[in-house]
Amino acid sequence: QVQLVESGGGLVQAGGSLRLSCVASGRTLSSYAMGWFRQAPEKEREFVAAVSQSGGITTYADSVKGRTTISRDNAKNTVFLQMNNLKPEDTAVYYCAATERHYLTRNQGLYDYWGQGTQVTVSS
């Protein structure tokens with residue numbers, strides 16, 4: 001089992017950047033493909049990005065593609081989400097998640113472990 005803790009959220013103006021981090025404990029992060037999801041007020045949680053166990057393969061939601069980079073440092077048991085050119089519609093609680101499946105997936109139902117989330121607020 002793995003525990004996930006996100007950090008790096010905050011309040012930023014539109015056009016700004018944030019780097020979210022997700023630190024894992026309990027098991028080595030390299031055992032999992034990892035994903036980031038977000039949930040805006042009164043909306044369902046949605047997929048943002050995912051990265052393979054090695055970090056060599058990534059996939060992004062169309063809404064963030066070109067502005068966002070997911071990466072990982074397995075030696076530090078950490079996954080990152082670099083978000084640039086932030087927009088007010090990016091405002092949400094951001095969650096990292098781990099899946100024991102050995103492939104990338106956008107399906108949040110296939111993720112086994114979740115962090116508690118970090119709030120990102122983008123002002124216009």
Side-chain angles (χ1 to χ4, degrees):
Q1 196 168 9
V2 64
Q3 293 79 43
L4 304 172
V5 178
E6 304 95 334
S7 62
L11 174 63
V12 64
Q13 289 188 330
S17 298
L18 281 176
R19 188 192 198 200
L20 307 184
S21 299
C22 173
V23 178
S25 61
R27 285 185 63 182
T28 179
L29 196 65
S30 60
S31 300
Y32 305 94
M34 299 294 296
W36 283 95
F37 295 80
R38 67 185 182 186
Q39 187 167 20
E42 300 182 359
K43 292 188 176 181
E44 294 187 352
R45 190 164 57 188
E46 64 177 6
F47 170 78
V48 176
V51 61
S52 62
Q53 291 169 292
S54 67
I57 303 172
T58 57
T59 185
Y60 299 91
D62 288 344
S63 59
V64 303
K65 194 176 297 182
R67 303 187 292 122
T68 299
T69 302
I70 186 171
S71 61
R72 63 192 298 162
D73 184 341
N74 286 338
K76 296 183 178 179
N77 261 13
T78 304
V79 177
F80 305 99
L81 189 71
Q82 176 69 45
M83 300 187 294
N84 302 321
N85 190 22
L86 283 160
K87 304 175 181 180
E89 52 263 42
D90 293 318
T91 295
V93 177
Y94 284 71
Y95 300 90
C96 74
T99 176
E100 294 182 337
R101 291 153 184 85
H102 293 251
Y103 53 84
L104 288 185
T105 178
R106 299 183 174 207
N107 184 346
Q108 57 184 293
L110 298 181
Y111 283 81
D112 302 288
Y113 306 102
W114 292 82
Q116 83 291 345
T118 186
Q119 176 71 48
V120 171
T121 303
V122 184
S123 63
S124 57

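Counting from 1, the numbers follow the sequence of the chain as shown.
Using a 4.5 Å heavy-atom threshold, the side chains of Ser7 and Thr118 count as separate. By the 4.5 Å heavy-atom criterion applied to side chains, Val64 and Met83 are not counted as neighbours. Side-chain contact between Tyr111 and Thr105 is present, with at least one heavy-atom pair separated by less than 4.5 Å.
The line from CZ of Arg19 to OG1 of Thr69 is 10.5 Å long, rounded to the nearest 0.5 Å. How far CZ of Arg38 is from SG of Cys96: 15.5 Å, rounded to the nearest 0.5 Å. The CG atom of Leu20 sits 11.0 Å away from the CZ atom of Phe80 when rounded to the nearest 0.5 Å. A distance of 9.0 Å separates CG of Leu18 from OH of Tyr94, quoted to the nearest 0.5 Å.
The two residues Thr58 and Val51 come nearest to each other via the heavy atoms CG2-CG2, 3.8 Å. Counting all heavy atoms, side chain and backbone alike, Ala40 lies closest to Ala92 at N-CB, 3.7 Å. Of all non-hydrogen atoms in Ser17 and Asn85, the two that sit nearest each other are OG-N, 4.3 Å. Across all their heavy atoms, Val120 and Gly9 have their closest contact at CG2-CA, 4.1 Å. Closest non-hydrogen pair, Ser124 versus Ala14, comes out as CA-CB, 4.3 Å.
Atom CG of Leu110 is surrounded by more than 12 heavy atoms from other residues, nucleotides or ligands within 6.0 Å.
Following chains of ILVMFWY side-chain contacts shorter than 4.5 Å, one can reach Leu81 starting from Val12, so the two form part of one hydrophobic cluster. In the hydrophobic clustering of ILVMFWY residues, with side-chain heavy atoms under 4.5 Å counting as a link, Val2 and Trp36 come out together.
Sorted by first and then second residue, the salt bridge (Lys or Arg N to Asp or Glu O under 4.0 Å) pairs involving residues 103-124 (not counting sequence neighbours) are Arg101-Asp112. Every pair passing ring-ring contact (aromatic ring centres under 6.0 Å, His included) that includes a residue from residues 42-64 is listed here, sequence neighbours excluded: Phe37-Phe47. Residue pairs that meet the salt bridge (Lys or Arg N to Asp or Glu O under 4.0 Å) test with at least one member in residues 64-86, sequence neighbours left out, are Asp62-Lys65, Arg67-Asp90. The salt bridge (Lys or Arg N to Asp or Glu O under 4.0 Å) contacts involving residues 113-124 comprise nothing, where partners must be two or more places apart or lie in separate chains.
Remark: Gln39 engages no residue in a side-chain hydrogen bond (donor to acceptor under 3.5 Å, both in side chains) (not counting sequence neighbours). Scored by the ring pair (Phe, Tyr, Trp, His ring centres under 6.0 Å) test, Tyr113 finds Tyr32 as partners (sequence neighbours excluded). For Arg45, there are no salt bridge (charged side-chain N to carboxylate O under 4.0 Å, His left out) partners at least two apart in sequence or on another chain. The ring pair (Phe, Tyr, Trp, His ring centres under 6.0 Å) test applied to Tyr95 returns no partner, not counting sequence neighbours. Remark: Thr121 pairs with Gln119 by the side-chain hydrogen bond (donor to acceptor under 3.5 Å, both in side chains) rule, at least two apart or across chains. With sequence neighbours left out, the side-chain contact (heavy atoms from CB on, under 4.5 Å) criterion links Glu89 to Lys87. Considering only residues two or more places apart in sequence or on other chains, Thr28 meets the side-chain hydrogen bond (donor to acceptor under 3.5 Å, both in side chains) condition with Ser30.
Taking a 4.5 Å side-chain heavy-atom cut-off between Ile, Leu, Val, Met, Phe, Trp and Tyr, the cluster of Val23 contains only that residue.
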One pair to check against side chain to side chain contact (heavy atoms under 4.5 Å, CB included): Gln108 and Glu44. What are the steps and the verdict? CA-CA 11 Å; Gln108 57 184 293; Glu44 294 187 352; over 6 Å; no
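Between the Glu6 side chain and the Gly117 main chain, a donor and an acceptor come within less than 3.5 Å of each other. Checking side-chain atoms of Gln53 against main-chain N and O of Ser31 turns up a donor-acceptor pair under 3.5 Å. Of the possible polar contacts, one joining the Thr91 side chain to the Val122 backbone as a donor-acceptor pair under 3.5 Å is found.
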